[in-house]
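First the proteins, then the strands, lettered A, B, ... as listed; each starts at 1.
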There are 2 protein chains.
Amino acid sequence: MTRKAQELDRCDCQVIHEDIVNQVLPQMPPEETLYDLAELFKVFGDSTRVKILWALDKEEMCVCDIAYLLNMTQSAISHQLRVLKQAKLVKNRREGKIVYYSLDDEHVRQIFEMGLCHIMEE
Amino acid sequence: MTRKAQELDRCDCQVIHEDIVNQVLPQMPPEETLYDLAELFKVFGDSTRVKILWALDKEEMCVCDIAYLLNMTQSAISHQLRVLKQAKLVKNRREGKIVYYSLDDEHVRQIFEMGLCHIMEE
DNA sequence: TGATCATATGAGCAATCTTTCATATTTAAG
DNA sequence: CTTAAATATGAAAGATTGCTCATATGATCA
């Protein structure tokens with residue numbers, strides 16, 4: 001992908017700060033890495049999913065347990081569990097009719113804690 | 001807020017797992033905390049904002065520097081900086097016409113690193 | 001004061017997301 | 001084999017989001 005326009009947003013101050021920008025530019029991680037990072041955080045960016053992750057951090061649970069716990073429909077929870085599974089944040093195992101979900105990543109709690117640190121600082 | 005329906009999603013397996021759910025329920029943080037946590041991660045959940053935060057982690061920069069660096073319009077960057085500022089992730093200082101932005105939270109890098117840990121595990 | 005640069009902001013559009021509703025799938029039990 | 005329980009999924013509605021475009025604000029300089 002090429003830069004759309006060389007002069008677009010090339011304002012005077014950019015020329016002044018050219019060396020700063022040129023120093024940072026090569027340090028930027030690949031586009032894809034930053035995109036994937038954003039995609040991951042997007043998964044954390046919904047309160048339903050946050051609640052599910054929080055609950056699963058305490059206990060392995062089946063779909064309807066979570067639905068009851070969060071007072072939401074089974075369908076809504078099922079959809080969100082799918083998102084969480086695609087993001088490899090939860091895994092599941094089937095036991096007869098029941099599908100048990102649990103966390104698939106030990107970083108979840110740490111990510112939560114980092115987030116809480118920020119929220120608490122007021 | 002009251003539970004919408006006592007019997008909604010109160011399936012058989014919930015009765016079986018009643019003790020598990022009842023053990024987790026009182027441990028759940030307040031609704032508002034989990035909501036705020038999700039709101040914070042939502043801010044991280046956009047690749048433009050991730051790129052901005054990454055850049056600002058390297059260097060303090062003005063709006064048009066960032067716009068040039070990310071090859072985006074000044075307006076788009078300005079809108080996103082507003083979001084980042086409201087989330088208290090960046091701060092700014094004015095120097096004449098130019099407004100310099102920088103990180104306002106030392107956890108940003110840690111949150112990124114946690115996220116990267118998850119992404120890299122394949 | 002007028003012109004210009006840097007930034008901010010409001011309206012609007014297209015895209016995305018979350019939930020609901022209806023229905024399909026999978027498994028066990030009768 | 002039929003029925004029911006637990007879960008999954010597709011379509012669609014309603015809400016939210018990110019960007020663009022036009023314009024406003026704030027600051028410097030002639």
Side-chain angles (χ1 to χ4, degrees), chain A residues 4-5 7-17 21 35 38-39 41-52 60-87 90-102, chain B residues 4-5 7-17 21 35 38-39 41-52 60-87 90-102:
Chain A
K4 198 163 53 184
E7 47 279 298
L8 178 67
D9 298 308
R10 187 84 185 242
C11 51
D12 292 356
C13 89
Q14 204 287 311
V15 176
I16 298 167
H17 302 146
V21 173
Y35 179 81
E39 286 301 301
F41 287 125
K42 200 175 286 178
V43 177
F44 283 91
D46 173 77
S47 61
T48 298
R49 288 191 293 265
V50 164
K51 288 176 197 168
I52 293 174
E60 179 189 61
M61 288 172 118
C62 75
V63 180
C64 70
D65 286 341
I66 302 169
Y68 177 73
L69 187 67
L70 306 190
N71 194 34
M72 292 181 67
T73 66
Q74 171 270 321
S75 180
I77 300 299
S78 198
H79 277 295
Q80 298 296 12
L81 283 169
R82 190 159 171 272
V83 175
L84 291 169
K85 200 185 172 190
Q86 281 174 339
V90 306
K91 59 177 185 282
N92 58 8
R93 67 182 177 86
R94 182 176 271 276
E95 200 171 285
K97 289 177 295 190
I98 301 175
V99 178
Y100 290 95
Y101 280 84
S102 56
Chain B
K4 197 163 51 182
E7 46 279 297
L8 179 68
D9 296 310
R10 187 83 185 244
C11 52
D12 293 357
C13 87
Q14 203 288 310
V15 176
I16 299 166
H17 303 146
V21 174
Y35 178 82
E39 287 301 302
F41 287 125
K42 200 174 286 179
V43 176
F44 283 91
D46 174 77
S47 61
T48 299
R49 288 191 294 265
V50 164
K51 288 176 196 167
I52 293 174
E60 179 189 59
M61 288 171 118
C62 75
V63 180
C64 70
D65 286 342
I66 302 170
Y68 177 72
L69 188 66
L70 306 190
N71 194 35
M72 293 180 65
T73 66
Q74 171 270 322
S75 179
I77 300 299
S78 199
H79 277 295
Q80 297 297 11
L81 284 169
R82 192 161 171 270
V83 174
L84 290 169
K85 200 185 173 191
Q86 280 174 340
V90 305
K91 59 177 185 282
N92 57 8
R93 68 182 176 87
R94 182 177 272 276
E95 200 170 285
K97 289 178 293 188
I98 302 175
V99 178
Y100 290 95
Y101 281 83
S102 57

**Asked** Between atom CD1 of Ile66(A) and atom OG1 of Thr48(A), what is the distance when rounded to the nearest 0.5 Å?
**Response**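 Rounded to the nearest 0.5 Å, the CD1-OG1 separation comes to 11.5 Å.
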
Produce the list of close N/O pairs, under 3.5 Å, pairing protein atoms with atoms of nucleotides 15-18 of chain D; give distances to one decimal.
unit_1	atom_1	unit_2	atom_2	d
dG18(D)	OP1	Arg49(B)	NH1	3.3
dG18(D)	OP1	Arg49(B)	NH2	2.8
dG18(D)	OP2	Arg49(B)	NH1	3.1

Which residues satisfy the side-chain contact (heavy atoms from CB on, under 4.5 Å) test with [X], sequence neighbours excluded?
X	value
Val99(B)	Asn92(B), Arg94(B), Tyr101(B)
Val83(B)	Val43(B), Arg49(B), Gln80(B)
Lys97(B)	none

**Request:** Apply ring-ring contact (aromatic ring centres under 6.0 Å, His included) to Phe41(B) and list each qualifying residue two or more places apart in sequence or on a separate chain.
**Result:**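 By the ring-ring contact (aromatic ring centres under 6.0 Å, His included) rule, Phe41(B) matches Phe44(A).
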
Nearest whole angstrom, please: distance from the [atom2] of [N] to the [atom1] of [X].
X	N	atom1	atom2	result
Leu70(A)	dT19(C)	CG	P	10 Å
Ile77(A)	dC17(C)	CD1	P	18 Å
His17(A)	dC5(C)	NE2	C1'	13 Å

**Asked** Just how large is the angle between the end axes of the helix from dT1(C)-dA30(D) to dG30(C)-dC1(D), five pairs per end, to 10 degrees?
**Response**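 Roughly 10°, once rounded to the nearest ten degrees.
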
Do [X] and [Y] touch side chain to side chain, with heavy atoms closer than 4.5 Å?
X	Y	value
Arg93(A)	Glu60(A)	yes
Met61(A)	Val21(B)	yes
Ser75(A)	His79(A)	yes

**Prompt:** Where along nucleotides 3-13 of chain D does protein come under 4.0 Å, by heavy atom, of base (B) or sugar-phosphate alone (S), with - for untouched nucleotides?
**Reply:** --BSBBBBB--

**Asked** Just wondering, more than 12 heavy atoms not from Tyr100(A) lying within 6.0 Å of its OH?
**Response**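 Check passes, neighbour count above 12.
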
**Request:** Under the side-chain contact (heavy atoms from CB on, under 4.5 Å) rule, what do Ile98(A) and His17(B) come out as? Steps first, then yes or no, please.
**Result:** CA-CA 11 Å; Ile98(A) 301 175; His17(B) 303 146; 4.3 Å; yes

